[in-house]
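A quick write-up on the structure given underneath.
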Amino acid sequence: MEKYCPQEIEKKWQTQWDKDGIYTTVDNVPDKKKYYVLEMFPYPSGNLHMGHVRNYSIGDVLARFKKMQGFNVLHPMGFDAFGMPAENAAIKHGVKPADWTYDNMDNMIRQQKQMGLSYDWNRLVQTCHPDYYRWTQYLFEVFYKKGLAYRKKATANWCDSCKTVLANEQVIEGRCWRCDSPVVKKDLTQWFLKITDYADTLLKDLDKLPGWPNRVKTMQDNWIGRSEGAEIIFEIPDFAEQVTVYTTRPDTAFGISYMVLAAEHPLVDKLIKGRNDESLIRSFIERVHNQSELDRTSDKSEKEGVFTGAYAINPFNGEKVPIWIANYVLFEYGTGAVMGVPTHDSRDWMFAGKYKLGKKIVITDAENQLTLDRMTDAYVDDGILVNSGEFTGMNNRKAIPAMIDWLEKNGCGKRRINYRLRDWLISRQRYWGAPIPVIYCEKCGTVLVPEKDLPVKLPEDVKFDPGVVSPLAHSEAFVNCTCPQCGGPAKRETDTMDTFICSSWYYMRYADAKNTKAPFDRALVNSWLPVDQYIGGIEHAILHLLYSRFFTKVLKDAGLVDFDEPFTNLLTQGMVIKDGSKMSKSIGNVVSPEEIIGKYGADTARLFILFAAPPERDLEWSDQGVEGAWRFLNRIWRIVLHFSTEIKENKQTDISLLTVKEKELRRILHVTIKKVTEDIAERSNFNTAISSIMELVNAFYAARDESLQAGLINETATDLLLLLAPFSPHITEELWQKLGKSDSIHKAAWPVYDVEATIADEVEIVVQLNGKVREKITVASQITADELKKQALELPRIKELTEGKTIIKTICVPKKLVNIVVK
RNA sequence: GCGGAAGUGGCGGAAUUGGCAGACGCGCUGGACUUAGGAUCCAGUUCCCCGUGAGUGCAGGUUCAAGUCCUGUCUUCCGCACCA
């Protein structure tokens, strides 16, 4: 018998499929429902790693399965090709970022093709190509025209290693998401996208995503961080000024004993000017302002403050309270000013304790009369208001709206909803990104580059020496231009866009990847989107997935698309682990996909990675597990070729002639079809789908000496190959052709199970005594409950065990068990 | 601190609706074939004191019946965290 040699057959079929164009997708096929399956496109680092292999294998199974089920499937691939590694390579090795990137993409495409993935390569998207970033720039202008892109001077997160600023989402525990170095603050004028305008919609519409993991939705919910509360205005009579605080606990307002401003608060300057301790206060402010994100958010960072000397008036009771400045108040959140209620807020308790500020109880538990000397921390629970003027005696939950009403009536405050989410900082001081299409003219100010002049192309005469400004600033030819409005001399914006912008709309471009007139045709994008199944790593739970949702909503409001959520179903795959930790070069536990594919073939690699764990869970790499997958494919190869003579007769099963054993094999076949279909379609549990195919193969082996009917052999082998085709596309195609089947197996229809065939004539029933298994009997599957009971009670062993005992009741579960309860 | 997910053999994992815990694979043991086997095929493999035994992190509860439901608790992983 010919040996299974994946190295030969995989290459052969990849070439053949490519030649026949079997994965080319046609738009709008009548009487076929669309199905859009998408894996997150990779950064072109140069080589695929196992995480990619896992990601693409999952997507490919779904794409092939849906195609066999008769859907018109869109399954594209592309590259998130802008980004710093290309530029760093340029600095280090003197290669052009474009050359480095395109070489890497070529290599990765070669590796992807080696995997036998069913992509329509005609729709390849590369975000660094001018034909793509032209439309990224165009979409920036859409945002700008809608007032959703603006420039402001702000304190930004700066990564000194990457030499660029970062968005809040890209700072992980005070460190850079990409290189892990500490983030420092820097005051810069930067471009922002107004994602905060969509905070509420982004939050509410999470409810429209039942196909997303709760984990991801919760993370986005936390990130948006909606809170309901009130603004309270305090008068500062000595300065004829006002200061507004934000609080979620207006019910504690009668307990205010001080208030605090953030160091950056604009009022600070006025309050401290001319005081004899002004310089001391200023040095404190300076220190707080320069505290890094890392220091400020570390758990044990001490609360520090300084008194401004000024006082504000609590509008509720007219009390004069001191105004402090402290490091724990963030300027970016709320109003940058808070009220201090030591008795009912733990932070305030600590701060007031340290600086000997007054404490007054305004909420008490009805039973345990609180007293200050018995308190060791703030009382933050619900209770009854005391010392609170006209609100005394009220339940604090009810007091909240009542007190806000009072504020509104008296003009000293109002209801307010606040979000933790901040606007998206998109400027990057780097070369290898899409240039922001803006021109600064002395006369006309900020002017968009006219659409006809897009793309603003990256210059090539650049030195890659990143600093506080982009390398683009050093290219005179790039910077100097004429104003599109007045024709006078002007300068270009030299920052490029965050690459997360490029990846926020690429999934739409696939619908119409070659359009030169628009980012995409409206009808086409609406016909393919939203993505039916999106697959990628959990690390994008907030970043890419939040930005993409934001983009989709803005483009909908701009009339460019008709849908308001980009991804209907989301599957977050687990990591690939080896020896207990994530594969990484520094640990030295990396297994190279190319090596595995070279040794065993893509079919084995795919099969193992899908079999070893369900997709959401982390997957422990096992060389022995790969051997197991390899053995299984060889087992299939042998059993199918063993029966090649019978299969080539191409007969149908004659059901009327089936023996008991044949009937059982056919039953297992149809149960397997049912199971595999449901596991893929309803649960994305490929591991159990594969294990049931293995069971079928085991049954096929067990029956191989039974001189089986040729029709049944043909049916079993054919369906077996069809069921395995999405997982291991090459071996199934090879065997399909060897057996003389016509056309490609990947154009064949998915098998449908025969309900009749899945029903067994006889079933084994468990007989329990007080819930414990004591005996088993085989009975006709259609047996009545009464007859089953009778037979169970007549079993010798059951008779023996129930001897002299009273039967209280008997429970019958059809086709499963009988439980006899005795005393 | 807040929020989320998960704890099952030697290992990866299965049990989808409360109904035989451990499917399938790995590993291990034995057998067959063989000059040979690290190939292949077949069988066995939760544990133990080996029986009316115990067993799904732990302690209770509901039920004829619990990995699955309820209460409490521990551990691990992940996210957010001075957000007022």
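Quick note on labels: first sequence line is chain A, next is B, and so on, each numbered from 1. Bear in mind the structure is a predicted one, so any value in this text is a computation, not a measurement.
Using a 4.0 Å heavy-atom cutoff across all strands shown, A/Asn418 reaches no nucleic acid atom at all. Within 4.0 Å of A/Ser227, counting heavy atoms only, lie sugar-phosphate atoms of the nucleic acid but no base atom. Nucleic acid contact for A/Asn698: sugar-phosphate only, since backbone atoms but no base atoms lie under 4.0 Å from a heavy atom of the residue. Contacts of A/Val821 with the nucleic acid, taken as non-hydrogen atoms under 4.0 Å apart, involve only primed sugar atoms and P, OP1 or OP2. Nucleic acid contact class of A/Arg416 (heavy atoms, under 4.0 Å, all strands): none. A/Val329 comes within 4.0 angstrom of a base, heavy atoms only. Using a 4.0 Å heavy-atom criterion, one finds that A/Pro213 contacts no nucleic acid atom at all. Counting non-hydrogen atoms under 4.0 angstrom, A/Ser622 reaches nothing in the nucleic acid.
Of the candidate nucleotides B/rC20, B/rG4, B/rG27, B/rG4 has the atom lying nearest to any side-chain atom of A/Thr218. Comparing B/rA23, B/rC64, B/rA15 against the side chain of A/Asn819 picks out B/rC64 as the nearest. Comparing B/rU16, B/rG27, B/rC41 by their nearest atom to the side chain of A/Tyr701 picks out B/rC41. Closest to the A/Arg635 side chain, of the nucleotides B/rC41, B/rA84, B/rG27, is B/rC41. When distances are taken from the side chain of A/Gln624 to each of B/rC64, B/rA14, B/rC26, the shortest belongs to B/rC26. Listed nucleotides: B/rG12, B/rC20, B/rA14. Nearest to the side chain of A/Phe611: B/rG12. Of the candidate nucleotides B/rC64, B/rA84, B/rC82, B/rC82 has the atom lying nearest to any side-chain atom of A/Lys303. Considering only side-chain atoms of A/Arg215, the nucleotide from B/rG4, B/rG27, B/rG53 that sits closest is B/rG4. Relative to the side chain of A/Thr688, the nucleotides B/rA14, B/rG13, B/rC82 differ in distance, and B/rA14 lies closest. Nearest nucleotide to the A/Asn687 side chain, out of B/rC41, B/rG19, B/rA14: B/rA14.
The pairing partner recorded for B/rG7 is B/rC74, the criterion being a Watson-Crick or G-U wobble arrangement whose two distances lie under 3.5 angstrom. Searching all strands for a Watson-Crick or G-U wobble partner of B/rA54 with both distances below 3.5 Å returns B/rU46. When both pairing distances are held under 3.5 Å, B/rC20 makes no Watson-Crick or G-U pair with any nucleotide shown. In this structure B/rG1 sits in a base pair with B/rC80, meeting the Watson-Crick or G-U test at under 3.5 Å. Under the Watson-Crick and G-U wobble criteria, each requiring two contacts below 3.5 Å, nucleotide B/rA66 is left unpaired. B/rA15: no Watson-Crick or G-U partner with both key distances under 3.5 Å is found in any strand.
Distance noted for atom P between B/rU46 and B/rG25: 15 Å (whole Å). When the C1' atom is compared between B/rC26 and B/rC33, the two are found 24 Å apart, to the nearest whole Å. B/rC58 and B/rU8 have their P atoms separated by 10 Å, with the value rounded to a whole Å. Going from the C1' atom of B/rC64 to that of B/rG18 covers 12 Å, rounded to whole Å. Nucleotides B/rC42 and B/rC48 place their C1' atoms 29 Å apart, quoted to the nearest Å. Separating the P atom of B/rG1 from that of B/rC47 is a span of 40 Å, rounded to the nearest Å. Here the separation of B/rU68 from B/rU56, taken at their P atoms, is 9 Å to the nearest Å. Rounded to whole Å, the separation between the P atoms of B/rC82 and B/rU71 comes to 32 Å.
Between the side chains of A/Asp679 and A/Asn685, no donor-acceptor pair is found at a separation under 3.5 Å. A/Ser227 and A/Tyr333 form a side-chain donor-acceptor contact under 3.5 Å, judged by distance and modelled atom types alone. In summary, the side chains of A/Asn222 and A/Arg420 do not present any donor paired with an acceptor at a separation below 3.5 Å, with no hydrogens or angles considered.
The side-chain tip of A/Lys303 points at the ring of A/Tyr328 from less than 6.0 angstrom away and within 45° of straight on.
With the nearest nucleotide of RNA chain B identified for both A/Gly628 and A/Ile172, A/Gly628 has the one nearer the 5' end. Mapped onto RNA chain B by nearest heavy atom, A/Asn634 and A/Asn770 fall at different nucleotides, with A/Asn634 at the one closer to the 5' end.
The NZ-P distance, from A/Lys578 to B/rG12, rounds to 15 Å in whole Å. Put simply, CE on A/Met575 is 9 Å from C1' on B/rC78, counting in whole angstrom units. Computed from coordinates, the A/Asn222 CG to B/rG3 C1' distance equals 5 Å when rounded to whole Å. Spacing between atom CE of A/Met694 and atom P of B/rG13 amounts to 15 Å, rounded to whole angstrom units. As rounded to whole Å, 17 Å separates atom C1' of B/rA84 from atom CZ of A/Arg226. Between the CD atom of A/Glu616 and the C1' atom of B/rG13 there is a distance of 14 Å, rounded to whole Å. In this structure, A/Ile639 atom CD1 and B/rU40 atom P are separated by 14 Å, rounded to whole Å. Atom P of nucleotide B/rU63 and atom CD1 of A/Ile808 are separated by 14 Å, given to the nearest angstrom.
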- Item | Stepwise side-chain hydrogen bond (donor to acceptor under 3.5 Å, both in side chains) test for A/Asp423 and A/Thr196 | CA-CA 6 Å; A/Asp423 278 342; A/Thr196 51; 2.6 Å; yes
- Query: Yes or no on salt bridge (Lys or Arg N to Asp or Glu O under 4.0 Å) for A/Arg667 and A/Glu664, after CA distance, side-chain angles and deciding distance?
  - Reply: CA-CA 5 Å; A/Arg667 188 187 68 81; A/Glu664 177 59 10; 2.9 Å; yes
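For the pair A/Arg420 and B/rG79, the criterion of a side-chain N or O lying under 4.0 Å from OP1 or OP2 is not met. The shortest distance between the side-chain N/O atoms of A/Arg617 and the OP1/OP2 oxygens of B/rA14 is below 4.0 Å. Side-chain N/O atoms of A/Lys816 include none lying less than 4.0 angstrom from OP1 or OP2 on B/rA15. Taking 4.0 angstrom as the limit, A/Ser346 places none of its side-chain polar atoms (N or O) nearer than this to OP1 or OP2 of B/rG1. Close to B/rA84, at under 4.0 Å from its OP1 or OP2, lies a side-chain N or O of A/Tyr333.
Of all heavy-atom pairs between A/Gly255 and A/Val362, the closest is N-CG1, 3.4 Å.
You'll find the ring centres of A/Tyr258 and A/Tyr355 outside the 6.0 Å limit. Checked against the 6.0 Å centroid criterion, the rings of A/Trp621 and A/Phe608 qualify as a close aromatic pair.
A/Glu304 and A/Arg287 are joined by a salt bridge, as a carboxylate oxygen and a charged side-chain nitrogen come within less than 4.0 angstrom of each other.
Contact of A/Lys776 with B/rC20 (side chain to base): a donor-acceptor pair of N or O atoms is detected under 3.5 Å.
B/rG9: glycosidic angle within 90° of 0, hence syn.
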